[in-house]
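One structure is given here, and the rest of the page talks about it.
Naming convention: chains lettered A, B, ... in sequence-line order (proteins, then strands); numbering from 1 in each chain.
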There are 6 protein chains.
Amino acid sequence: MTTPAVSRFPVPDIANLPDDIRERILAVQEKSGFIPNVFLALAYRPDEFRAFFAYHDALMEKTGPITKAEREMIVVATSSANQCLYCVVAHSAILRIRAKSPHVADQIAVNYRKADITPRQMAMLDFAMKVATRAFAVGETDIATLKEHGFTEDDAWDIAAIAAFFGLSNRLANVASIRPNEEFYAMGR
Amino acid sequence: MTTPAVSRFPVPDIANLPDDIRERILAVQEKSGFIPNVFLALAYRPDEFRAFFAYHDALMEKTGPITKAEREMIVVATSSANQCLYCVVAHSAILRIRAKSPHVADQIAVNYRKADITPRQMAMLDFAMKVATRAFAVGETDIATLKEHGFTEDDAWDIAAIAAFFGLSNRLANVASIRPNEEFYAMGR
Amino acid sequence: MTTPAVSRFPVPDIANLPDDIRERILAVQEKSGFIPNVFLALAYRPDEFRAFFAYHDALMEKTGPITKAEREMIVVATSSANQCLYCVVAHSAILRIRAKSPHVADQIAVNYRKADITPRQMAMLDFAMKVATRAFAVGETDIATLKEHGFTEDDAWDIAAIAAFFGLSNRLANVASIRPNEEFYAMGR
Amino acid sequence: MTTPAVSRFPVPDIANLPDDIRERILAVQEKSGFIPNVFLALAYRPDEFRAFFAYHDALMEKTGPITKAEREMIVVATSSANQCLYCVVAHSAILRIRAKSPHVADQIAVNYRKADITPRQMAMLDFAMKVATRAFAVGETDIATLKEHGFTEDDAWDIAAIAAFFGLSNRLANVASIRPNEEFYAMGR
Amino acid sequence: MTTPAVSRFPVPDIANLPDDIRERILAVQEKSGFIPNVFLALAYRPDEFRAFFAYHDALMEKTGPITKAEREMIVVATSSANQCLYCVVAHSAILRIRAKSPHVADQIAVNYRKADITPRQMAMLDFAMKVATRAFAVGETDIATLKEHGFTEDDAWDIAAIAAFFGLSNRLANVASIRPNEEFYAMGR
Amino acid sequence: MTTPAVSRFPVPDIANLPDDIRERILAVQEKSGFIPNVFLALAYRPDEFRAFFAYHDALMEKTGPITKAEREMIVVATSSANQCLYCVVAHSAILRIRAKSPHVADQIAVNYRKADITPRQMAMLDFAMKVATRAFAVGETDIATLKEHGFTEDDAWDIAAIAAFFGLSNRLANVASIRPNEEFYAMGR
């Protein structure tokens with residue numbers, strides 16, 4: 001058994017990164033106490049790094065009818081369907097913190113249908129999982145079901161976009177074998 | 001949001017259980033500090049309870065070339081493929097303790113191909129997952145691959161039997177919505 | 001073409017088996033006129049043998065709202081979905097005898113939706129097949145559908161447990177390539 | 001429970017059929033002692049009936065390196081994958097007769113990988129099943145594997161065409177719920 | 001990159017074909033300005049050629065409540081699900097001409113649920129796709145849904161038979177790697 | 001039949017868009033002669049629009065060992081697997097132009113295994129399709145296969161990132177029912 005690296009692709013030296021990327025990484029480190037490996041792995045491609053985190057922030061830092069904790073629920077459920085180790089471990093940590101719940105992330109990762117969530121959150125995850133696995137079959141009936149649970153059309157876009165964006169993230173992390181930082185496993189438990 | 005019960009089926013009062021079952025349950029409680037819910041849920045059917053735990057012990061309490069920790073790896077990997085909340089949460093706890101590793105269970109639950117395990121353990125899980133999901137296609141080639149990693153035919157039976165037994169357990173726990181005890185989530189982290 | 005053995009794993013000599021197992025096997029032989037190969041194949045592991053048949057009897061020898069013939073219908077339908085040669089051939093024989101029908105087993109094995117069964121039996125098999133193939137998605141709606149056909153919650157457990165138990169049996173029999181005895185093919189036709 | 005009809009679509013009166021179709025049906029009845037229901041069901045559409053049986057005969061009445069019994073093996077294996085009750089029951093009868101074997105049809109219907117067939121026949125069925133289920137992925141590698149077992153390119157066409165033709169037949173029979181004649185179940189056992 | 005041939009199997013010289021087949025081929029050439037490759041590829045087997053085109057004409061040259069353009073919609077949708085290059089390219093051309101629409105074929109080939117078709121045509125394609133991919137599960141509910149859209153039972157047969165026949169055609173064309181004629185790509189655009 | 005809109009979500013008036021987005025859209029219109037609908041549909045969310053196109057350009061406007069035409073091959077193959085109408089139609093047009101080939105896009109969209117492409121391009125698409133459909137199983141063997149065809153590790157990232165990015169794009173376009181502009185269908189034929 002060898003210790004896997006941060007990524008199976010080369011990881012650049014932080015000192016050599018473009019200023020904006022280095023600053024973003026140092027800011028995250030300052031806030032979290034460590035550098036989440038996805039930042040180092042994606043820094044291999046600065047332009048993709050910038051686009052990735054801009055997209056991420058537009059979807060995940062938003063406030064509105066769907067809370068930040070609920071956004072993380074979508075990430076954990078769909079990333080588990082895509083079997084993405086980095087995303088499930090890292091975002092389970094964030095979900096535990098944002099939901100102030102030590103258990104809901106593990107529940108959603110294994111089988112969201114059995115998780116301690118509200119019927120509205122269940123409908124949100126049903127929709128997110130359909131986007132993640134069979135988006136070609138999503139239609140007006142699915143949006144109507146969301147509306148029955150109080151979601152707006154704007155919320156539908158948010159749910160779909162988060163599921164779609166992490167579909168991208170999950171595929172990259174699986175191909176690059178991005179390793180979750182050890183810090184994530186116990187955060188928020 | 002309501003707190004789910006131990007099981008969606010009736011849970012008998014321990015005082016009214018047959019002696020052997022009550023004693024087994026109290027022994028587990030003494031050892032663990034709590035009663036794992038699967039004991040209470042299956043006590044609904046005493047004869048099935050006895051057969052279930054006899055089978056379980058024959059496969060999981062055994063020592064040999066496949067360690068107890070490795071047996072739990074099989075449980076976690078296949079139970080995750082079957083999306084069984086109780087089994088993944090409970091056996092991840094046992095795996096963390098038996099492997100003296102706080103992270104390997106979460107890794108195996110999400111994507112065993114990316115876990116920090118040996119090539120021999122990877123071959124073991126490849127075989128277990130084929131038994132869990134496509135046993136009809138298992139053949140001599142699969143056994144030969146196990147042998148290349150040092151497993152015997154007897155080990156092949158063990159791996160297959162554990163995957164098959166937890167296939168039973170996973171289905172029961174999903175139908176009964178057996179709820180993992182809260183104690184399991186943090187054990188061994 | 002070579003004649004396959006009883007099992008791809010070693011089959012113990014009956015004379016050397018523990019008394020209780022030898023007696024059970026001889027009793028079956030006395031009753032049936034031959035020893036069904038699953039008894040010989042599983043005798044390779046005495047403790048597992050005992051647990052397996054105790055579980056089997058608890059589920060299959062029971063009487064109640066679900067008849068013994070109907071229990072065999074569940075076995076044939078789910079074992080066919082799992083492509084288990086031994087289980088389909090052996091339990092088709094038992095189903096023919098218990099249902100006093102020469103054709104229903106073959107119908108259920110190929111496509112239970114086209115079998116000559118009652119709507120109540122069809123609902124029973126729909127549920128059993130969902131347990132066999134997608135137990136993670138079983139929920140209260142499925143139980144409610146069973147109730148519409150007159151099944152109780154207790155019956156739901158029975159159906160699920162039979163489907164789950166034979167999921168175990170099917171996987172073992174496929175890995176061990178347990179060969180159906182020739183006697184089974186024509187029984188009850 | 002009601003007795004299903006020959007077909008869920010109207011079945012014409014033999015007396016009113018075009019002469020060639022009536023004669024073909026009467027010839028089959030003379031030879032077999034009964035009229036296989038597929039003849040009555042397809043007579044609903046005389047032009048399709050003629051094309052169907054012309055195609056059938058071109059593929060199934062042919063002699064050559066692939067025997068008539070082997071052709072029926074292809075039908076039974078692929079029709080089982082397509083869950084076609086009529087085709088599996090009727091062609092299992094024909095296979096039993098042509099192979100002079102009471103058991104091989106049931107074995108192939110449940111799991112051809114476990115059947116008492118030669119490695120050459122196994123390769124034939126592997127190819128046929130790929131054509132039945134994932135023809136889009138068939139390529140030169142598959143043909144090369146057939147050749148290693150002594151098949152010619154001409155044989156490859158035969159195997160593929162039989163699998164493809166019964167893919168048509170299976171779909172029609174499932175949509176029309178064509179019922180197997182009772183005579184088929186016991187023939188050749 | 002080499003130019004693929006008409007078919008991976010031998011293509012006979014037209015001059016040596018049986019008269020009826022040569023005449024059919026020359027008639028098509030006269031009408032279309034070229035010989036569609038499926039005619040050349042299938043001429044390798046004259047009896048199968050005759051049955052194939054007799055079947056084709058019975059289903060596709062028919063007039064009735066389902067127009068010829070709608071019949072081609074079924075071909076394009078199901079052939080795309082089966083990933084058949086020849087059938088999608090050739091029948092998209094025919095669909096463009098028969099529907100007098102340059103776009104609907106491409107829409108149906110990619111995702112018929114998003115195509116500019118009527119709700120009645122959507123129901124027709126939903127049924128056809130179920131026949132193509134899961135005919136074993138087709139039942140009276142599916143026929144009832146068709147009737148809600150104005151289809152008769154006779155129409156249901158037509159839709160099913162077209163989906164089933166092209167399931168045959170798609171499998172043959174994929175195994176033989178039948179190459180679409182270049183003329184088809186731009187026809188009707 | 002009603003004419004579908006650009007998107008099922010609101011489409012903003014170009015005049016009211018932020019300057020940078022309006023300018024990008026007008027620049028595309030100037031170059032192409034029309035505004036591809038994906039620009040209008042995504043303008044509903046300016047921040048996501050900016051991140052999306054920055055990501056797109058980083059991957060698709062790049063030159064290197066993988067040509068721009070080859071990048072479009074990846075988009076067409078994976079978008080077809082995801083059944084994304086907008087992406088297949090729009091990027092087939094771009095592929096026809098970049099590859100100077102009127103046929104290769106249709107071939108790849110239906111079944112890339114049958115397309116007129118080089119073995120190196122086939123290996124590229126095999127890898128891209130695995131990323132699109134089963135990224136969790138991508139491993140070092142897949143990268144090694146790419147290298148046998150002359151690809152570098154850097155190329156592997158490119159292929160994976162394009163497949164992953166369009167997995168995002170395909171899901172958004174399917175949920176929003178983004179309609180391909182009519183201009184795309186005939187471009188480059």
Side-chain angles (χ1 to χ4, degrees), chain D residues 7-10 41-42 44-59 61-62 78-79 81-85 127-128 130-140 142-143 153-154 156-177, chain E residues 7-10 41-42 44-59 61-62 78-79 81-85 127-128 130-140 142-143 153-154 156-177:
Chain D
S7 159
R8 74 164 305 294
F9 291 99
L42 294 187
Y44 173 58
R45 293 281 180 97
D47 286 345
E48 298 171 37
F49 177 105
R50 290 181 190 104
F52 182 93
F53 287 105
Y55 217 135
H56 175 278
D57 293 353
L59 295 170
E61 300 301 329
K62 192 174 171 181
T78 58
S79 297
N82 288 327
Q83 300 184 42
C84 178
L85 180 58
F127 182 71
K130 187 165 182 181
V131 173
T133 60
R134 299 191 305 130
F136 52 81
V138 168
E140 293 309 309
D142 300 298
I143 308 281
E153 300 230 337
D154 206 53
W157 178 294
D158 273 14
I159 301 168
I162 294 169
F165 176 77
F166 279 89
L168 154 63
S169 178
N170 296 163
R171 283 168 176 76
L172 281 182
N174 258 322
V175 172
S177 289
Chain E
S7 160
R8 76 163 303 294
F9 291 98
L42 295 187
Y44 173 57
R45 294 281 180 97
D47 287 344
E48 298 170 37
F49 177 106
R50 290 181 189 105
F52 182 93
F53 287 105
Y55 218 135
H56 174 278
D57 294 353
L59 295 170
E61 300 301 330
K62 192 174 171 181
T78 58
S79 298
N82 288 326
Q83 300 185 41
C84 178
L85 180 59
F127 183 71
K130 187 165 182 181
V131 173
T133 60
R134 298 191 303 129
F136 53 81
V138 169
E140 293 309 309
D142 300 299
I143 308 281
E153 300 230 338
D154 206 54
W157 178 294
D158 272 15
I159 301 168
I162 294 169
F165 176 77
F166 279 89
L168 155 63
S169 178
N170 295 162
R171 282 167 177 77
L172 282 182
N174 258 322
V175 173
S177 289

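Interface check for chain E: of the options D:Tyr44, D:Phe165, D:Phe53, D:Trp157, the most heavy-atom pairs under 4.5 Å are formed by D:Trp157. Across D:Ser169, D:Ala132, D:Gly167, D:Ala54, the residue that shares the most heavy-atom pairs under 4.5 angstrom with chain E is D:Ala132. Counting heavy-atom pairs under 4.5 Å between each of D:Asn170, D:Asp158, D:Asp57, D:Leu59 and chain E puts D:Asp158 at the top. Taking E:Asp47, E:Leu168, E:Asn82 one by one and counting their heavy-atom pairs under 4.5 Å with chain D, the maximum is reached by E:Leu168.
In this structure the side chain of D:Val138 never reaches within 4.5 angstrom of the side chain of E:Asn174, judged on heavy atoms.
From D:Tyr55, atom OH reaches atom OH of E:Tyr55 across 11.0 Å, with rounding to the nearest 0.5 Å.
Neither the backbone nor the side chain of E:Phe166 comes within less than 4.5 Å of any heavy atom of chain D. In this structure, the portions of E:Asp154 lying under 4.5 Å from any heavy atom of chain D include both its backbone and its side chain. Proximity to chain D is absent for every atom of E:Leu85, based on heavy atoms less than 4.5 angstrom apart. For E:Arg45, the part lying under 4.5 angstrom from a heavy atom of chain D is the side chain only. No part of E:Phe49 comes within reach of chain D, as not one of its non-hydrogen atoms sits under 4.5 angstrom from that chain.
Between the side chain of E:Arg171 and the main chain of D:Ala135, no donor-acceptor pair closer than 3.5 Å is present.
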